[in-house]
Amino acid sequence: MRAKIVAGNWKMNKNLAETGVLLSELKTKLKEAPDAKIIVAPTFTNLYYAFEELKEFDIEVAAQNMHQSENGAFTGEISADMLKSTGVDTVILGHSERRAYFGETDALLEEKVNTALRHDMTVIFCFGEELEDRKAGNHFDLVESQLKNALFKLDADSWKNIILAYEPVWAIGTGETASPEQAQEMHAFIRKTIANAFNAEIAEEVSILYGGSVKPANAKEIFAKPDVDGGLIGGAALDPQSFAAIANSF
Ligand code: PEP
C-alpha cells in the first residue's frame, strides 16, 4: 500500500533558535504513532540540527533544494553528498518558487532528480499549473509535460524513491485551495499518465501529495480523496498547532 505523507516546507523561514522551538512543539503536538509519514524541510543551515533533534522521533527531515552537480565551483550551492552527510536523504525538487524565481526548467530538474537518485535519495517532485493554464483548459497537458520532461526517462526501479507533489501554482500561499474534487481529478489523471508511461503497479504505488493552501479546516476532506496521499504544506507548516492538526487528520 502506498505511503500517506504530510510534509512541511518551511521555505526561507525560521532561524536556528526558532527551528528549535518549532521542532520541540511539533514533538509534543504530533500523535505518537502518526498514520502518515511526517517530513519537515527546514533551511539548509538548520538541516543537521533538525536531523539530530528528530533522530529519536518519527519525523523525517528533507532539504528544499539541491544542486545537480557532484561538487565543484558552484558558489553558494549544496550537493547531494553534503545533504546525505548530515543524515538527510530526502529532497524537495521543482517547487514552483524555484521554477519561477530561480529559473529552474524541466531539463534542469531532470538532472537534479537523476543526481538525487544516484545518491539513493528520495525526491519529493513538485509540479503544477499556473492560473492561466487552468483558465485556458491546458492544465492536464501542462502537468503531463512537466512529468514527462523530468521523470519519464527514469527506470522503473527508481520510482520507489519518488514522491509526487501536485501543487497548482494559483493555490500556493494564496489562501485559494483546489477543491477536493479538483485535486482528485488531477491526481487520478497523474496516476493514469504514469500507468500509461510505465505500468499500473508503479502508478498504484507512487504517493501523490496535494499542495496549495492546505489548512486544518480543509485537510481532512482533501486527504479523504482516493488518489490524494497527503499534503505538502507551506504556510501552515510554520505553526505547530496547524501542522500537527493537518498531520493528525488522517
Ligand atoms: C508550498 O509552498 O508548497 C505550499 C503548498 O504553500 P502553502 O501551503 O502556503 O500554499
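When a ligand or atom number is given, it counts from 1 through the structure's own listing order. Only this structure's heavy atoms are used, side chains among them; waters, hydrogens and symmetry mates stay out.
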Is there a polar contact, in the sense of an N or O pair closer than 3.5 Å, between [X] and ligand 1?
| X | result |
| --- | --- |
| G173 | yes |
| G211 | no |
| G212 | no |

Requested in this report: Report the C-alpha distance between K84 and D89 in whole Å, list the side-chain angles of each, state the deciding distance to 0.1 Å, and finish with yes or no for salt bridge (Lys or Arg N to Asp or Glu O under 4.0 Å).
Outcome: CA-CA 5 Å; K84 288 208 72 171; D89 56 17; 5.3 Å; no

Report task. Pick, from K11, K215, E167, the option with the minimum heavy-atom distance to atom 5 (C) of ligand 1. Result -> E167

Can you tell me which residue and heavy atom of the protein come closest to [atom], and the distance to 0.1 Å?
| atom | result |
| --- | --- |
| atom 9 (O) of ligand 1 | G235 N, 2.8 Å |
| atom 1 (C) of ligand 1 | H95 NE2, 3.2 Å |
| atom 6 (O) of ligand 1 | G234 CA, 3.3 Å |

Query raised in the report: Which of these, T115, V113, V123, sits in a side chain to side chain contact (heavy atoms under 4.5 Å, CB included) with M66?
Result: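 Going through T115, V113, V123 one by one, the side chain to side chain contact (heavy atoms under 4.5 Å, CB included) with M66 is satisfied by T115 alone.
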
Report task. Verify salt bridge (Lys or Arg N to Asp or Glu O under 4.0 Å) between E110 and K153, making sure each step is shown before the conclusion. Result -> CA-CA 9 Å; E110 181 181 33; K153 287 194 215 116; 3.2 Å; yes

Requested in this report: Check each atom of ligand 1 against the heavy atoms of I172 and keep those under 4.0 Å away; list them by number with element.
Outcome: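 That gives atoms 1 (C), 2 (O), 4 (C), 6 (O), 10 (O) of ligand 1.
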
Query raised in the report: In terms of atom number and element, which parts of ligand 1 are under 4.0 angstrom from non-hydrogen atoms of A171?
Result: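 Near A171, meaning under 4.0 Å from one of its heavy atoms, ligand 1 has 10 (O).
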
Query raised in the report: So, do Q146 and V143 sit near enough that their side-chain heavy atoms are less than 4.5 Å apart?
Result: yes

**Report entry** Carboxylate-amine/guanidinium proximity below 4.0 Å for K37 and E60
**Finding:**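 Looking at K37 and E60, the cut-off is met.
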
**Report entry** Trace of the salt bridge (Lys or Arg N to Asp or Glu O under 4.0 Å) decision for D106 with R99
**Finding:** CA-CA 9 Å; D106 290 349; R99 292 176 189 259; 2.9 Å; yes

Query raised in the report: Heavy atom of S96 under 4.0 Å from ligand 1?
Result: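 S96: no contact with ligand 1 (<4.0 Å).
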
Query raised in the report: Would you say the ring centroid of F223 lies under 6.0 angstrom from that of Y210?
Result: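 Ring centroids of F223 and Y210 are no less than 6.0 Å from each other.
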
